[in-house]
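Remember, it's a predicted structure, so these values are computed and weren't measured experimentally.
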Amino acid sequence: MILAALVLPLEGPARPDPDGWRGLVYGMLKEIDPELHAAQSNPFSLGLGGAEGQWWVRIGLLDEGLYARLSPRLFGLVGQSVKVKAPFRVQAVLQEEHPWAGVSTYSRLFQGQASASLGLHFASPTFFRRKGNSYPLPEPKLVFDSLTQRWNAFAPVKVPPELAETWERATITRFQGHTQAIRPNPDERGVGFVGRVVYHLPAAKPTEAQWMQALGRFAFYAGVGAKTSLGFGRVRGFDPMRKEKSANGRLEAEDSSSLATPQDPGA
């Protein structure tokens with residue numbers, strides 16, 4: 001069962017619009033598989049980034065059948081001009097050679113060291129729904145419940161139900177980041193989190209640690225939290241033993257400004 005994160009480098013006059021690109025993907029999805037289009041859990045995540053003249057859009061695919069049918073359409077856009085609220089020329093479709101591109105399988109996510117500590121970099125604003133409002137704190141149970149829900153919707157092997165109690169034991173051993181004002185919808189304002197978090201599972205059994213790491217690797221493709229199809233919750237893992245700081249002494253998120261409200265001074 002293949003997972004993929006495809007990055008499309010773009011030439012265009014402005015930063016890509018999340019709602020427009022989500023609509024493009026949904027349109028393709030409706031054509032190739034109406035059942036997936038109507039599914040309760042989104043089979044894809046969206047990411048946006050880059051800088052003036054070097055924009056990119058990232059599409060994470062969680063279903064092998066979707067990858068087989070959608071990727072040829074995306075590769076067919078190379079060299080073409082696509083109007084998504086503004087005209088963009090698709091320069092390439094990358095499955096590697098970009099830090100946010102990659103291809104894996106669900107079984108391969110279990111490979112590697114089964115450590116009881118997991119580092120996650122929340123590179124775009126991440127939030128959860130709580131009583132109709134945005135909740136910006138990446139608490140262990142919220143993060144792993146979010147990943148479990150999307151994993152169970154598409155993976156061939158489900159997360160053992162007893163792990164729901166395991167995530168309640170998980171703790172945070174490092175937290176470096178900040179909240180950021182967001183606008184998930186034109187008529188909605190909220191708050192998200194960007195930064196780096198190290199999670200730890202005390203007295204972890206080998207199976208628990210293995211699932212923790214697999215879900216952490218899955219986050220790279222699925223995203224975490226709400227509105228991942230609009231570019232929120234873009235996440236990737238990092239080595240929790242390494243401490244990397246930006247020039248001003250704090251860890252910053254990458255390309256998060258595209259989802260910030262205009263009033264946010266960090267936008």
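Heavy atoms from other residues, nucleotides or ligands lying under 6.0 Å from CD of Gln54 number 12 at most. Residue-environment remark: NZ (Lys83) stays at or below the threshold of 12 foreign heavy atoms within 6.0 Å.
With rounding to the nearest 0.5 angstrom, the CZ atom of Phe128 is 12.0 Å from the NZ atom of Lys141. Of the inter-residue distances, the one linking His121 atom NE2 with Arg236 atom CZ reads 6.5 Å to the nearest 0.5 angstrom. Note that the CG atom of Leu94 and the CG atom of Leu6 stand 9.0 Å from one another [nearest 0.5 Å]. In this structure, the separation between CG on Leu120 and CG on Leu215 is 10.0 Å, given to the nearest 0.5 Å. In this structure, the separation between OG on Ser229 and CD1 on Ile59 is 11.5 Å, given to the nearest 0.5 Å. Atom CE of residue Met212 and atom CG of residue Leu163 lie 11.0 Å apart, to the nearest 0.5 angstrom.
A donor-acceptor contact closer than 3.5 angstrom is absent between the side chains of Ser45 and Arg150. Side-chain contact annotation: Ser117 with Ser115, donor-acceptor N/O pair under 3.5 Å absent. No side-chain N or O of Gln213 forms a donor-acceptor pair with one of Gln113 less than 3.5 Å apart.
Across every non-hydrogen atom of Leu118 and Gly216, the tightest pair is CD2-CA, 3.8 Å. For the residue pair Ala5 and Trp100, the shortest heavy atom distance occurs at CB-O, 3.6 Å. The heavy-atom pair separating Pro16 from Leu10 by the smallest distance is CG-CD1, 3.9 Å. Annotation for Tyr221 and Ser104: closest pair OH-CB, 3.3 Å, computed over non-hydrogen atoms. Minimum interatomic distance between Ala170 and Pro202 (heavy atoms only, all atoms of both residues): CA-CD, 4.4 Å.
Judged purely by atom type and a 3.5 angstrom limit, Ser146 has no side-chain atom pairing as donor or acceptor with the backbone of Val224. Judged by distance alone, with hydrogens and angles left aside, the side-chain atoms of Arg174 form no donor-acceptor pair with the main-chain N or O of Gly119 at under 3.5 Å. A distance-only check finds no donor-acceptor pair linking the side chain of Asn42 to the backbone of Phe44 [under 3.5 Å]. In this structure, the side chain of Ser134 engages the main chain of Val191 through a donor-acceptor pair within 3.5 Å. In this structure a side-chain-to-backbone donor-acceptor pair under 3.5 Å is present from Asn152 to Val159. Put simply, the side chain of Tyr106 gets close to the backbone of Leu62: a donor and an acceptor are under 3.5 Å apart.
Figure legend: Arg22 and Phe232 shown without cation-pi pairing, the cationic atom not lying both under 6.0 angstrom from the six-membered ring centre and within 45 degrees of its axis.
With respect to Leu77, the side chain to side chain contact (heavy atoms under 4.5 Å, CB included) criterion is satisfied by exactly one of Arg89, Met28, Gln91: Met28.
The aromatic ring centroids of Phe193 and Phe175 lie less than 6.0 Å from each other.
By the 30° and 60° cut-offs, the orientation of the rings of His98 relative to Trp56 is perpendicular. Taking the six-membered ring where the residue is Trp, Trp167 and Phe144 present parallel rings, their angle staying beneath 30° rather than reaching 60°.
Under the 4.5 Å side-chain criterion, counting only non-hydrogen atoms from C-beta, Val143 is in contact with Phe122. In this structure the side chain of Pro138 never reaches within 4.5 angstrom of the side chain of Thr126, judged on heavy atoms. Annotation: side chain of Ile2 is not in contact with side chain of Leu61 (no heavy-atom distance under 4.5 Å). Counting heavy atoms from C-beta outward, Thr179 and Phe127 have side chains that stay 4.5 Å or more apart. In this structure the side chain of Lys227 never reaches within 4.5 angstrom of the side chain of Pro18, judged on heavy atoms. The side-chain heavy atoms of His200 and Thr171, taken from C-beta on, include a pair separated by under 4.5 Å.
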- Task: I would like to know whether Arg169 and Leu201 meet side chain to side chain contact (heavy atoms under 4.5 Å, CB included); could you show each step before the answer?
- Result: CA-CA 6 Å; Arg169 301 195 335 255; Leu201 193 56; 3.9 Å; yes
- Evaluate side chain to side chain contact (heavy atoms under 4.5 Å, CB included) for Leu142 paired with Tyr135, printing each intermediate quantity in order. CA-CA 10 Å; Leu142 293 176; Tyr135 183 77; 3.6 Å; yes
- Task: Apply ring pair (Phe, Tyr, Trp, His ring centres under 6.0 Å) to Trp211 and Trp151, showing your working.
- Result: CA-CA 11 Å; Trp211 271 104; Trp151 177 289; 5.3 Å; yes
- Message: I'd like to know whether Val57 forms a side chain to side chain contact (heavy atoms under 4.5 Å, CB included) with Leu46, so could you lay out the CA-CA distance, the side-chain angles of the two residues, the decisive distance to 0.1 Å, and finally the verdict.
- Response: CA-CA 7 Å; Val57 169; Leu46 190 74; 3.8 Å; yes
- Message: Evaluate Tyr199 against Thr173 for side chain to side chain contact (heavy atoms under 4.5 Å, CB included), listing each step before the verdict.
- Response: CA-CA 6 Å; Tyr199 299 95; Thr173 58; over 6 Å; no
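With respect to the salt-bridge test (charged N to carboxylate O, under 4.0 angstrom), the residues Glu162 and Lys205 do not qualify.
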